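Here is the structure we will look at.
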Amino acid sequence: RLAEAGMGQDVEDGTSDCWAVCADIVSLLGKGLMHSDAAIGNACSRAIVIAFSYEGQDAPNLNKKLFDAVAVALDKMNASLKKFASIDHADANRAESLIQASGLLLAASTSGAGSSNASEKDGIVGLGGARLQLVDSLFGILGSAVYKKDDELSLAVGEALVKYADAFGQGEWSSTGSGAEWPKGPYDAEFAFSLPPHVHILYTLFERELKSSNPMKKNSCAPVMLAIVGHASRLCIDTIFSQRAMIQEVIKFMVRFQNNFIHLLSHPKATQLTRECCCRGIAALRGLSTAISTPATETESLNSRLLKAFCETSNYGGSAMIETEAQARERRDGEASNFDATTSAEVGGTSGLSEAALGAYREMASAAVSCDRPDVLYSLMML
């Protein structure tokens with residue numbers, strides 16, 4: 001692995017040449033990501049996954065001799081994602097491999113996020129700038145041409161963004177926007193780039209992606225939110241991790257997560273994957289609120305909003321555009337074999353439910369609402 005935990009990196013003990021060779025290898029792997037041969041491109045991305053993998057929750061400090069090489073790899077990764085997400089070269093398999101490598105590369109380079117090096121002075125993007133550009137490209141996958149070929153890519157994007165956001169557990173960030181109030185009005189890219197990773201992804205998700213007028217873009221946000229909330233809920237089982245910066249930020253925005261999940265769940269053009277992610281995300285929020293021992297009033301507020309949403313929403317099974325799980329598979333297979341980027345059916349969905357089963361589900365949900373039993377409602381959402 002190319003990440004090391006020690007900070008004594010300037011000692012001349014004969015390893016300097018070794019790190020120089022490693023830097024050359026990392027640069028070459030980055031340059032090979034765009035290769036026209038899919039086997040070579042995938043091999044390079046998988047090699048990056050192996051080289052920058054690490055155990056534990058916090059990413060180790062990257063050796064300073066690798067900063068420039070990693071910046072090159074990040075820049076090439078950014079260009080590769082844009083290429084294989086575009087209409088002309090949309091390739092779901094290549095994109096998935098690149099997304100996985102992107103998450104690990106972003107996490108492993110966290111220690112050098114604020115570094116300034118000679119390459120930036122020469123007009124070449126440095127490590128910090130390359131990281132921000134790659135994160136923007138990951139968000140660009142959502143609702144893109146390659147997403148139309150495989151909507152489950154949004155799950156991979158969510159996992160990659162979680163690695164980027166939670167690579168550093170606790171401490172003070174040097175970012176100028178750390179802890180600042182979000183500006184009102186349209187999305188501010190300059191402000192977003194000044195934020196620490198765990199705030200950066202939430203600001204971009206809530207203020208830009210979820211406010212998009214494109215239904216496909218909004219649908220693709222549900223798996224990303226599920227990845228974020230699910231990660232926080234899983235870690236909070238152990239109190240050691242409950243004070244991590246990302247976990248605290250997710251807790252801060254629990255209400256906003258729930259409101260967006262409910263909105264997407266009842267949207268007439270929500271796909272089967274979107275609805276399934278929303279149901280699991282809402283359940284994960286309840287688990288998170290229980291794990292962190294939130295005040296009873298806050299937990300009750302989460303429950304009451306969910307109950308109210310089910311009382312007022314009449315879209316469960318009422319849409320003419322319902323998509324079953326079988327129809328979702330058929331749509332993905334059809335789009336994969338005969339991809340047309342100019343036309344795509346925007347359909348809603350409930351996971352594999354017949355009209356009779358859907359009617360029974362609505363009746364059970366109504367009974368849970370009438371009895372004021374949010375625990376039953378949460379259980380129904382996991383069916």
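Nothing fancy with the numbering, it's 1 onward along the sequence. Source: prediction; values computed, not measured.
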Donor + acceptor pair across side chains of Gln272, Glu276 (<3.5 Å): yes
Least distance between heavy atoms, Ser154 atom then Leu142 atom: CB-CD2, 3.9 Å
Student check: side-chain heavy atoms of Asp166 and His198 closer than 4.5 Å: no
Validation row: His35, Cys44 side chains within 4.5 angstrom (heavy atoms): no
Flag side-chain contact, heavy atom, 4.5 Å: Ile247 against Gln243: no
Lys252/Leu202 under side-chain contact (heavy atoms from CB on, under 4.5 Å): CA gap, chis, key distance, verdict: CA-CA 11 Å; Lys252 178 181 174 182; Leu202 295 186; over 6 Å; no
Any donor-acceptor pair under 3.5 Å from Ser109 side chain to Leu105 backbone: yes
Backbone N/O of Asp188 and side chain of Tyr203: donor-acceptor pair under 3.5 Å: yes
Set of residues satisfying ring pair (Phe, Tyr, Trp, His ring centres under 6.0 Å) with respect to Phe139, sequence neighbours excluded: none
Main-chain N/O of Leu98 paired with Ser45 side-chain donor or acceptor, under 3.5 Å: no
Approximate separation, where rounding is to 0.5 Å, of Cys221 SG and Arg208 CZ: 10.0 Å
Pro223 side chain reached by Val157 side chain, heavy atoms, under 4.5 Å: no
Residue Lys83 excluded, over 12 heavy atoms near NZ under 6.0 Å: yes
Within one Ile-Leu-Val-Met-Phe-Trp-Tyr cluster: Leu127 and Val26, side-chain cutoff 4.5 Å: yes
Heavy-atom side-chain proximity of Val250 to Phe257 below 4.5 angstrom: yes
Distance in Å, Met246 CE paired with Ile251 CD1, rounded so as to fall on 0.5 Å steps: 11.0 Å
Step-by-step side-chain contact (heavy atoms from CB on, under 4.5 Å) determination, Leu161 to Ile228: CA-CA 8 Å; Leu161 291 173; Ile228 295 171; 5.8 Å; no
For Leu265 against Cys278, the heavy-atom pair lying closest together: N-SG, 3.9 Å
Residue pair Glu159 / Ile99, side-chain heavy-atom distance below 4.5 Å: no
Close side-chain approach of Asn219 and Tyr147, heavy atoms under 4.5 Å: yes
Which atom of Ala130 lies closest to which atom of Asp75, heavy atoms considered: CB-N, 4.3 Å
From CE (Met225) to CG (Leu205), nearest 0.5 Å: 6.5 Å
Reported NZ-to-CG distance for the pair Lys82 and Asn78, which is rounded to 0.5 angstrom: 4.5 Å
Donor-acceptor under 3.5 Å (Thr204 side chain, Ile201 main chain): no
Heavy-atom closest pair, residues Phe67 and Gly112: CZ-CA, 3.6 Å
Joint hydrophobic cluster, Val72 plus Ile25, side-chain heavy atoms closer than 4.5 Å: no
Side-chain (Ser144) to main-chain (Ile141) donor-acceptor, under 3.5 angstrom: yes
Salt bridge (charged side-chain N to carboxylate O under 4.0 Å, His left out) contacts touching residues 211-236 (sequence neighbours left out): Glu207-Lys211, Glu209-Lys217
Plane angle bin for Trp182 and Phe253 - parallel if under 30°, tilted between 30 and 60°, otherwise perpendicular: parallel
ILVMFWY network linking Val21 to Leu62, side-chain heavy atoms under 4.5 angstrom: yes
Minimum heavy-atom distance between Phe191 and Ser194, given as atom pair plus value: O-OG, 2.6 Å
Value rounded to 0.5 Å, distance of NZ in Lys65 from CG in Asp17: 10.0 Å
Point-to-point distance, once rounded to the nearest 0.5 Å, from OG of Ser137 to CG of Leu134: 6.0 Å
Cluster overlap Leu226 with Val229, hydrophobic side-chain contacts below 4.5 Å: no
Closest approach of Ala23 to Ala69 (non-hydrogen atoms, all atoms of both residues): O-CB, 3.2 Å
Intermediate values then yes/no, side-chain contact (heavy atoms from CB on, under 4.5 Å), Leu138 and Tyr164: CA-CA 11 Å; Leu138 284 172; Tyr164 163 72; over 6 Å; no
Test item: Leu132 and His200 side chains (from C-beta on) under 4.5 Å apart, heavy atoms: yes
Step-by-step side-chain contact (heavy atoms from CB on, under 4.5 Å) determination, Leu106 to Val135: CA-CA 8 Å; Leu106 286 167; Val135 172; 3.9 Å; yes
Ile282-Leu264 co-clustered via ILVMFWY side chain contacts under 4.5 Å: yes
Residue of the set Asn42, Asp91, Leu33 for which side chain to side chain contact (heavy atoms under 4.5 Å, CB included) holds with Ser97: Asn42
